[in-house]
Every structure is written in C-alpha cells, then in structure tokens.
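Hydrogens, waters and symmetry mates play no part in the numbers below; they use all other heavy atoms, side chains included. Positions are given from 1 along the sequence.
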Amino acid sequence: MAKVAFIGLGVMGYPMAGHLAKKGGHDVTVYNRTSAKAEQWAKEFGGSFKTTPREAAEGAEFVFCCVGNDDDLRSVILGPDGAFAGMSSGATLIDNTTASAEVARELYAKGKELGVGFIDAPVSGGQAGAENGVLTVMCGGDAEVYEKAEPVIMSFARACRLLGASGAGQLTKMVNQICIAGLLQGLSEGVNFGMKAGLDMDAVVDVISKGAAGSWQMENRAGTMTQGKFDFGFAVDWMRKDLSICLGEAKNNGARLPVTAMIDQYYAHVQARGGNRWDTSSLIHLLMND
C-alpha cells in the first residue's frame, strides 16, 4: 500500500481515484477545485480530502493529476499551493491530463530541480474505461521512475507502457486522437450512406464489424449514431481541445494532418449547433441533418 494523492475529480479522475483506493488498496487523499466533490469522494471511498493541491500532496509517494488543459495543470502543480510545493524528494507526480508535450517537458524539468519524478501519462478509454478500471495509459519519462509508478497506475488500467522520454506519452495520445477522429468521420459517412440506401444498419454493422472495417467505435457507437443519440462518452469540446494540441504539435514537427484539420472544423460546426457536450460520434449529425 502506498500513500497517494489525486488532484482533479472530474468524470475521469473521480473513478480513477476510487480504483486507487478500492482496487489498489492505497491510502488516497484527494483535492478538487469544488471541495464538495472531494468531500463526497472521501465519504464514498473512505479516503481523505484537502483544500489545496499542496496539502493533498504532502507526504504522498505518488501524486496523480487529471485536469482540463495546460493552464489548469500549471495552476495545480506550480506555485506556493501547487502539488510540487508539498512533495518530498523522491516522490513521483503522474499526470493523466491530456495536455501538450511542451508542458510535460516543462514540468519534468521542474521536477528534476526539486528531486521529484514526473511521468506524463494520458489515458484512453473514456468515462466507461475510467469507471471500469480498464484504461490504456501512455507514458513518457525516466525508466526508473516509471518502473516504480507502473504497479500503482495499474489500479485503474488494463494496459500501461513507457513509450520514451518526457513528452512521449502526450505525443502518443495525439496519435490516438488523430486516429479516432478519422475513424469517426469514416464511420459517420458509412452509417449515413447505409441509412440513405435503406439498409438495416444493425444487420450491416453486425456483419462488417467482424471484418476489416471493425473497430471499437463501430461496436460501441454505430447503433446510437443511427438513433441520433449523442450523450455517451467523450465530449466534442474536449475533442476540439485535443485536436488543437495535435495540430499545434504538427506545426512543430512538420507532420501533415489534412484530414484531422478538416474533421476539427466539422466538430466546430457541431458546436455551432449546440453540440458542445455531445459525444464525438455526433459527426454524423452534420450528414443526417444537412
């Protein structure tokens, strides 16, 4: 059992912290900007809560963080009330936020100055994966730090891997989001085409999902897409944030992302229709209603 802190109790962080306490058996202290949610978590899972990231991190061997973006991350890690201020030399901060590779490297370097390990460890699997403790975790950082952290991370994961130096986890998550965006646009076009052709799409999906066209998105979203239901999983607002990170990184490394840029704009059209909180399968709404 390790002494663990978890910062950020959103739709992902809340159940992830819960798995650290229940499945992992760790002694977990939490922090959330809305303290009522932290108090609720402590009552549900038997841990404790603090009113600043620094206080939550004090004495912790591992500090997890899952917040919204780069600025949120800096606000809870840096400064006099940030997590780094409460961490002891030899402790490790594991960041599960989907953020830029730039901020990962920045925080890794700051951690080095303080004698604190830093692993960028964004996750994939969505809210359901977090609730069921079966997330995929993509990590960047030093091998010796990762080796200590991996058994703790596996409390809420089904797969976890170190993919390179600091920033490699975030870069891998960018690859993940680029692939998902392309898959969802292709699935939207295929499902809409089949509906226009008068096919029984449940039967069609049942057949083609067992072949080369099969994917997690097809198995889990095609049925709800035909019904125009988009209240599942990962919100359009968050996907646009992630794709912005991808497109920004592509400018730095020279990669061409023409399809990703196009789909990002499609998501902007979904937002314009009030679909900010619809899940990412809502791309089909543009095809079904134009």
Side-chain angles (χ1 to χ4, degrees), residues 1-68 72-99 107 111 114 116-137 139 141 145-160 169:
M1 184 180 73
K3 186 169 174 53
V4 174
F6 204 105
I7 297 167
L9 300 175
V11 295
M12 301 293 287
Y14 194 100
M16 289 163 69
H19 286 298
L20 285 163
K22 292 297 186 183
K23 182 180 174 183
H26 301 295
D27 177 8
V28 182
T29 300
V30 299
Y31 164 79
N32 193 65
R33 281 183 295 188
T34 305
S35 59
K37 198 167 190 180
E39 185 175 3
Q40 175 188 328
W41 184 95
K43 288 180 180 177
E44 182 175 348
F45 293 102
S48 60
F49 71 97
K50 298 294 183 180
T51 57
T52 67
R54 176 184 59 77
E55 291 173 318
E58 286 176 350
E61 299 164 68
F62 301 96
V63 177
F64 288 82
C65 186
C66 190
V67 293
D72 292 336
L73 195 53
R74 291 185 179 100
S75 72
V76 296
I77 293 179
L78 303 175
D81 284 324
F84 274 164
M87 295 176 70
S88 303
S89 179
T92 300
L93 196 150
I94 302 152
D95 176 36
N96 300 122
T97 307
T98 295
L107 295 174
L114 301 171
V116 172
F118 181 86
I119 300 290
D120 52 291
V123 301
S124 181
Q127 184 176 347
E131 291 172 349
N132 294 320
V134 291
L135 293 169
T136 297
V137 189
C139 299
V145 176
Y146 171 80
E147 287 169 9
K148 292 188 297 182
E150 184 188 281
V152 187
I153 295 171
M154 288 303 294
S155 298
F156 54 73
R158 67 175 175 184
C160 182

Could you tell me which non-hydrogen atom of [X] sits nearest to which non-hydrogen atom of [Y], and how far apart they are?
X      : Y      : answer
Gly117 : Val145 : CA-CG1, 4.1 Å
Tyr31  : Ala56  : CB-CB, 4.0 Å
Ala85  : Gly79  : CB-O, 3.7 Å
Arg158 : Thr136 : NE-OG1, 4.2 Å
Cys66  : Thr97  : CA-OG1, 3.6 Å
Ala42  : Phe49  : CB-CD2, 4.0 Å

### Task
Give a yes or no on whether Arg33 atom CZ has more than 12 heavy-atom contacts from other residues, nucleotides or ligands under 6.0 Å away.
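Open: at most 12 neighbouring heavy atoms sit under 6.0 Å from CZ of Arg33.
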### Message
Side chains of Glu131 and Gln127: any donor to acceptor distance under 3.5 Å?
### Response
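The criterion, which ignores hydrogens and geometry beyond distance, is satisfied for Glu131 and Gln127.
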### Task
Check the side chains of Glu39 and Ser35 for a donor-acceptor pair under 3.5 angstrom, ignoring hydrogens and angles.
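No.
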### Task
Using the side-chain contact (heavy atoms from CB on, under 4.5 Å) rule, pick out the option among Ile7, Leu20, Asp95 that qualifies with Phe64.
Leu20
### Message
Quick check on side-chain contact (heavy atoms from CB on, under 4.5 Å): which of Asp120, Ile119, Ile94 does Cys139 satisfy it with?
### Response
Ile119
### Message
Would you compute the distance between atom OH of Tyr14 and atom CD of Gln40 and round it to the nearest 0.5 angstrom?
### Response
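So the gap between those two atoms works out to 4.0 Å.
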### Pairwise distance OG(Ser155) to CD1(Ile153) - rounded to 0.5 angstrom
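It comes to 9.5 Å.
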Has the side chain of [X] got a donor or acceptor atom that lies under 3.5 Å from a matching backbone atom of [Y]?
X     : Y      : answer
Asn96 : Ala121 : yes
Lys37 : Leu9   : yes
His19 : Ala157 : no
Asp72 : Val67  : no

### Query
How about Met87 and Val63: do any of their side-chain heavy atoms sit closer than 4.5 Å?
yes
### Contact check, side chains of Leu93 and Leu107, non-hydrogen atoms, under 4.5 Å
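Leu93 does not reach Leu107 side chain to side chain.
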### Query
So, do Phe6 and Phe45 have ring centers that fall under 6.0 Å from each other?
no
### Stepwise side chain to side chain contact (heavy atoms under 4.5 Å, CB included) test for Met12 and Leu135
CA-CA 10 Å; Met12 301 293 287; Leu135 293 169; 3.9 Å; yes
Only distances under 3.5 Å count here; give the side-chain donor-acceptor pairs of residues 22-29 to other protein atoms, sequence neighbours excluded, each with its distance to 0.1 Å.
{"residue": "His26", "atom": "ND1", "partner": "Ala2", "partner atom": "N", "Å": "3.0"}
{"residue": "Thr29", "atom": "OG1", "partner": "Ser48", "partner atom": "OG", "Å": "3.0"}

### Task
List the steps, then state whether side chain to side chain contact (heavy atoms under 4.5 Å, CB included) holds for Thr92 with Glu61.
CA-CA 6 Å; Thr92 300; Glu61 299 164 68; over 6 Å; no
